[in-house]
Amino acid sequence: PTCRILSPIEITFHGENITTDTIATHFGTKGIGVAPGGILDIHGKQYHKTWARLADSAKGGDDRVHLLDDVNWEPGQQIVVSATILVDEWHNQNEIVTIVSVSGRTVVFTPPLRYHHYGEQAYQAEVGLLSRRIVPQGDFADSEANNESVGGHIM
């Protein structure tokens, strides 16, 4: 696609938590359903790369990382810096931070890291872009009225 939307877009699904299918059979009630053989194409700004690896280690207290590749990420977006400890399920050290600035392969963020993330020749932690320009979501007001979480879906 040559035409990409550069502005943020929120697609909000409204509806009640009911058990009948109102979109189509087995598609539920609150979302976008694409029938077998159909295609759903949604294009926003393309980010390169959405995952990158550290060029060197980052330690607790650092407010920036140096990546192996250039990225076109933007201030205000969220990224995750993956854990590199041996047994992560005992103490999750994945960290989500917000980008302050990007210059080539250097990403500055807030808050500073709490943990060490290894990034040397043998192995490098991964850094992933979490934010997207197009965000499908359920309407919070629909859920709040019944004290239930009723999200939207794309199938």
**Prompt:** If you look at every heavy atom in His117 and Ser82, which pair is closest and at what distance?
**Reply:** ND1-O, 2.8 Å
**Request:** Verify the cluster assignment for Ile99 and Val80: are they in a single hydrophobic cluster under the rule of side-chain heavy atoms below 4.5 Å apart?
**Result:** no
**Message:** Looking at every non-hydrogen atom in both residues, tell me the closest pair between Gly119 and Ser57 and how far apart they are.
**Reply:** N-OG, 2.9 Å
**Item:** Nearest atoms (heavy-atom pairs only) where Ala55 meets Leu68
**Value:** CA-CD2, 3.7 Å
**Request:** Report yes if some heavy atom in the side chain of Val34 is under 4.5 Å from a heavy atom in the side chain of Ile39; otherwise report no.
**Result:** no
**Item:** Side chains of Leu54 and Leu67 in contact at under 4.5 Å (non-hydrogen atoms)
**Value:** yes
**Item:** Same apolar cluster (I L V M F W Y, side chains within < 4.5 Å links), Ile42/Ile9
**Value:** yes
**Fill in**
Minimal heavy-atom distance between Leu6 and Arg133, with the atoms involved, is O-NH1, 2.8 Å
**Message:** Is there a side-chain contact (heavy atoms from CB on, under 4.5 Å) between Val65 and Phe109? Walk through the geometry before answering.
**Reply:** CA-CA 8 Å; Val65 291; Phe109 48 78; 3.8 Å; yes
**Prompt:** Where is the tightest heavy-atom contact between Pro75 and Ser101, given as atom of each residue plus distance?
**Reply:** CG-CA, 4.3 Å
**Request:** Look up atom CD in Gln78 and atom CG in Leu129, then write down how far apart they are to the nearest 0.5 Å.
**Result:** 10.0 Å
**Message:** Please evaluate residues Ile32 and Leu40 with respect to the criterion side-chain contact (heavy atoms from CB on, under 4.5 Å), reporting the C-alpha separation (whole Å), side-chain torsions for both, the decisive distance (0.1 Å), and the verdict.
**Reply:** CA-CA 9 Å; Ile32 297 174; Leu40 175 64; 4.2 Å; yes
**Request:** Evaluate the side-chain contact (heavy atoms from CB on, under 4.5 Å) criterion for residues Thr50 and Arg132: first the C-alpha distance (whole Å), next the side-chain angles of each, then the deciding distance (0.1 Å), finally the verdict.
**Result:** CA-CA 10 Å; Thr50 53; Arg132 297 291 187 263; 3.9 Å; yes
**Message:** Can you classify the ring geometry of Tyr118 versus His116 as parallel (below 30°), tilted (30 to 60°) or perpendicular (above 60°)?
**Reply:** tilted
**Asked** If you look at every heavy atom in Trp73 and Lys49, which pair is closest and at what distance?
**Response** NE1-O, 2.7 Å
**Asked** What residues, two or more places apart in sequence or in another chain, satisfy side-chain contact (heavy atoms from CB on, under 4.5 Å) together with His48?
**Response** Gln46, Asn72
**Request:** Apply side-chain contact (heavy atoms from CB on, under 4.5 Å) to the pair Thr110 and Asp63, showing each step before the final yes or no.
**Result:** CA-CA 6 Å; Thr110 188; Asp63 68 348; over 6 Å; no
**Request:** Please lay out, stage by stage, how Gln137 and Thr12 fare under the test side chain to side chain donor-acceptor pair (under 3.5 Å).
**Result:** CA-CA 5 Å; Gln137 61 189 9; Thr12 304; 3.1 Å; yes
**Prompt:** Any chain of hydrophobic side-chain contacts (each under 4.5 Å) joining Val108 to Tyr47?
**Reply:** no
**Prompt:** Do Val81 and Leu113 come within less than 4.5 Å of each other through their side chains, counting heavy atoms only?
**Reply:** yes
**Request:** Output yes when a side-chain donor or acceptor of Glu95 lies under 3.5 Å from a complementary backbone atom of Tyr115, and no otherwise.
**Result:** yes
